[in-house]
J.: 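Pasting in a structure now, in structure tokens, and then I'll have a few things to ask.
Letters A, B, ... mirror the listed sequences (proteins, then strands); counts begin at 1.
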Protein chains: 2
Amino acid sequence: MTAARVRSGGRPTLEEVAARAGVGRGTASRVINGSPRVSDRTREAVQAAVDELGYVPNRAARALAANRTDAIALVVPEPETRFFAEPYFSDIVRGVGSAMADTDMQLLLTLVGSDRERARLAQYLAAHRVDGVLLVSVHADDPLPDLLEQLDIPAVISGRRSDHETLPSVDSDNLEGARGAVAHLISRGRRTIAHITGRLDVYGAQCRVEGYRKALATAGLDSDEQLMVSGDFTEEGGRRAMARLLDHRPDLDAVFAGSDVMAAGARQVLRERGLTIPGDVALIGYDDSAIARHMDPPLTSVRQPIEEMGRAMARLLLSEIAARRPGEVRPLQRPQIVLPTELVTRFSS
Amino acid sequence: MTAARVRSGGRPTLEEVAARAGVGRGTASRVINGSPRVSDRTREAVQAAVDELGYVPNRAARALAANRTDAIALVVPEPETRFFAEPYFSDIVRGVGSAMADTDMQLLLTLVGSDRERARLAQYLAAHRVDGVLLVSVHADDPLPDLLEQLDIPAVISGRRSDHETLPSVDSDNLEGARGAVAHLISRGRRTIAHITGRLDVYGAQCRVEGYRKALATAGLDSDEQLMVSGDFTEEGGRRAMARLLDHRPDLDAVFAGSDVMAAGARQVLRERGLTIPGDVALIGYDDSAIARHMDPPLTSVRQPIEEMGRAMARLLLSEIAARRPGEVRPLQRPQIVLPTELVTRFSS
DNA sequence: AGCTACGGTGGGAGCGCTCCCATGCGTGAT
DNA sequence: ATCACGCATGGGAGCGCTCCCACCGTAGCT
């Protein structure tokens, strides 16, 4: 039946490519998918036909026949506005995008906000409509990661949820980043260093606390609990925390904030109380966002290699997916990647 | 042959749903696709079977059979770093996402950087692998829009390329936004108002110039060409422009910058020269970005409803796609949408 | 009663691909 | 020269769906 197919006006099919190259459909398919079991002559003939016809495989047909989608989803929890702020979101996307540029995988963007959308996503995943999932900004109690493990869908998470993360993950070295920042303050002669922490149910925030403590301990400095207040990652939280710190420990000479936004809040209070930065109090933030660059004075901050993290996530996921495809023997990458941070020194410290 | 299909361990198929509901495959399909030509009894029976089995249509099969993809692409030109800065990218994505939340359309994110990637995208589009395209941050000389028109692929563009845009578009009212900002300065008693423009090959920047001029004309104020300098949308450009303005017109008492980033550059120069904001010179930016909120003093700025624009783009595209589907008679939306801006007043003005 | 009309329905064909089995041929061992 | 083996190849079957045509039954008409 298929014999007398006329060259339709539409896109060329594999069948047409095969006919033009004078080979069978199966052989053409082999060439296009890079199978080694094809002679060089044949390969060239098919390749020529592909080029002449401008053949592009039909994704849907391929997906249907091979039972895969050649797509991965980047799942973003929407209420998490922090993630949408610079620099996270766009940099992650860029990193992921660059890692996928040479692949013919598609990147699906999935924002999950309401519970209804979460349910939809779960259904989505259960229907195996993507080959893998990139999960960013996950809370410790989010059921999504477990769901993914149950469904046996390859997934990579950004930022570990704890120190015994089960999913493959990419994180930055929060402990070391914080330690370095505080060590820097110490090297500049600061001795009474406070820390405005993020929400401590976030593992990364815990690590930063640890780094802070470690730096103090190394220098043999006081690690008074009154020097540590939570700022909840918000500007208002940073303000409140700073006020409280000054009330309890007016002798402090430096503040390490767990985020630039909190540092901005802290700065306001410092100003209000007539304290100069860095004269009276040195200030360091975390994230190296636009706020840090444009603050007055410009804020020293810890930069995470977000784009690089996105790239690493994508690569990890792709290798994870490839490893599960039949015939592949490519060794799995080490599934827990921790990338180094960098202290960007400006005038606030 | 298909008769004796065993209930496989995998996802249920339409066939299984039909069998369970005691109807034919065609009827089950009709119910799932919301066709009106089904009796209520049957509809309920099928719906019940769907629920019990947890049936989710196989996207690939549907795409293959119906020759559509149920996916749209958000195409982002990568070198355009300005777009990736707050607030554009994330807000557009959120808007688009929210408009698509109730659809079962997928959002594909496509970053095009190098020419190779551009070529790939063109191939992609030629192969009709998406039902429509959302184009953001397009330059006047970008060949992509024309390609899309040629291929007859539904597309919506953000920001008109000129005042006779041919593609459906969503834009904010740059002219009115600028006019309002300058009028605000005038109402505060400013009389010698300069404008640091963006790159004038960007249509939006031209509109802002027009708005600036219009406001001055309305108030019967001087519109000296020396009061207008290009800042190229960069911070350094803003600095240079400000310096030049002060050299030529040291008597100016207000500056309207075409972006917050340029305003930040301008602010630095004003400070360096010992001028106070807003005492000596009032300053207004454009975009209402994080920079504006955290500048010292906080910067009055023109806010564009970016998220709303994203939503509008998605809606426009979806209606465009629906209109081309056979059987649909839904009227097309007006294809040129211009959304109002809002002046966010802070302390710099 | 006999005819048409039409809403509701079942299922064949086919979308374009991958998978896999069967076929044919060349090669080396005997 | 003969046999067995293996590599390159062709093409059938089938992935799960939509489209469409044929069919059935009932209602409304003459």
J.: Roughly how many Å is it from CZ in A/R30 to P in C/dT18, rounded to a whole number?
T.: 11 Å
J.: Can A/V96 and A/L134 be said to form a side chain to side chain contact (heavy atoms under 4.5 Å, CB included), step by step?
T.: CA-CA 9 Å; A/V96 171; A/L134 255 23; 3.8 Å; yes
J.: Under the side chain to side chain contact (heavy atoms under 4.5 Å, CB included) rule, what do B/V130 and B/L108 come out as? Steps first, then yes or no, please.
T.: CA-CA 9 Å; B/V130 287; B/L108 251 58; 3.8 Å; yes
J.: Can you check the B/I32 CD1 to D/dC17 C1' distance for me, whole Å?
T.: 10 Å
J.: Please determine if a side-chain N or O atom of B/S39 lies less than 4.0 Å away from the OP1 or OP2 oxygen of C/dT9.
T.: yes
J.: Contacts to DNA chain D from residues 55-71 of chain A, heavy-atom cutoff under 4.0 Å, which residues?
T.: A/L64, A/A65
J.: Taking atom types as they are modelled, would you say the side chain of A/R11 forms a donor-acceptor pair with the base of C/dG16 within the 3.5 Å cutoff?
T.: no
J.: Report yes if a side-chain nitrogen or oxygen of A/T13 is closer than 4.0 Å to either non-bridging phosphate oxygen (OP1 or OP2) of C/dC15; otherwise report no.
T.: no
J.: Please determine whether a side-chain nitrogen or oxygen atom of A/S29 lies at a distance below 4.0 Å from atom OP1 or OP2 of C/dC17.
T.: no
J.: Taking atom P of C/dC17 as reference, at what distance in whole Å does atom CG of A/L14 sit?
T.: 4 Å
J.: Output one line per pair: protein atom, nucleotide atom from nucleotides 4-7 of chain C, and distance, for all N/O pairs under 3.5 Å.
T.:
none

J.: Hey, does the side-chain of A/R25 have a donor or acceptor N/O within less than 3.5 Å of a partner on the base of D/dG12?
T.: yes
J.: Between C1' on C/dC17 and CD on A/E16, what's the gap in Å once rounded to a whole number?
T.: 13 Å
J.: Looking just at side-chain N and O atoms, do B/S169 and B/R160 make a donor-acceptor pair shorter than 3.5 Å?
T.: no
J.: Counting side-chain heavy atoms from CB outward, which of D/dT9, D/dG10, D/dC17 is closest to A/V23?
T.: D/dG10
J.: How close or far is atom P of D/dC15 from atom NE2 of A/H128, stated in whole angstroms?
T.: 18 Å
J.: Go through B/R25 and B/E16 one step at a time and tell me if the salt bridge (Lys or Arg N to Asp or Glu O under 4.0 Å) criterion holds.
T.: CA-CA 9 Å; B/R25 209 175 60 258; B/E16 286 164 12; over 6 Å; no
J.: Please give me the minimum heavy-atom distance between B/A122 and B/L147, naming the atom from each residue.
T.: CB-CD2, 3.7 Å
J.: Which pair of non-hydrogen atoms, one from B/P57 and one from B/I32, has the smallest distance, and what is that distance?
T.: CG-CG2, 4.3 Å
J.: Below 4.0 angstrom from OP1 or OP2 of D/dG10, is there any side-chain N or O of A/T27?
T.: yes
J.: Without decimals, in angstroms, what is the distance between B/L53 CG and D/dG16 C1'?
T.: 15 Å
J.: Check A/E308 with A/R315, please: is the shortest side-chain N to carboxylate O separation under 4.0 Å?
T.: yes
J.: Looking only at heavy atoms, what is the nearest atom pair of A/L111 and B/G97, with distance?
T.: CD1-CA, 4.1 Å
J.: Locate the shortest heavy-atom distance separating B/A18 from B/A28; write the atom from each residue and the value.
T.: CB-CB, 3.9 Å
J.: Using whole Å, what does the distance between atom C1' of nucleotide C/dG8 and atom CZ of B/R41 come to?
T.: 13 Å
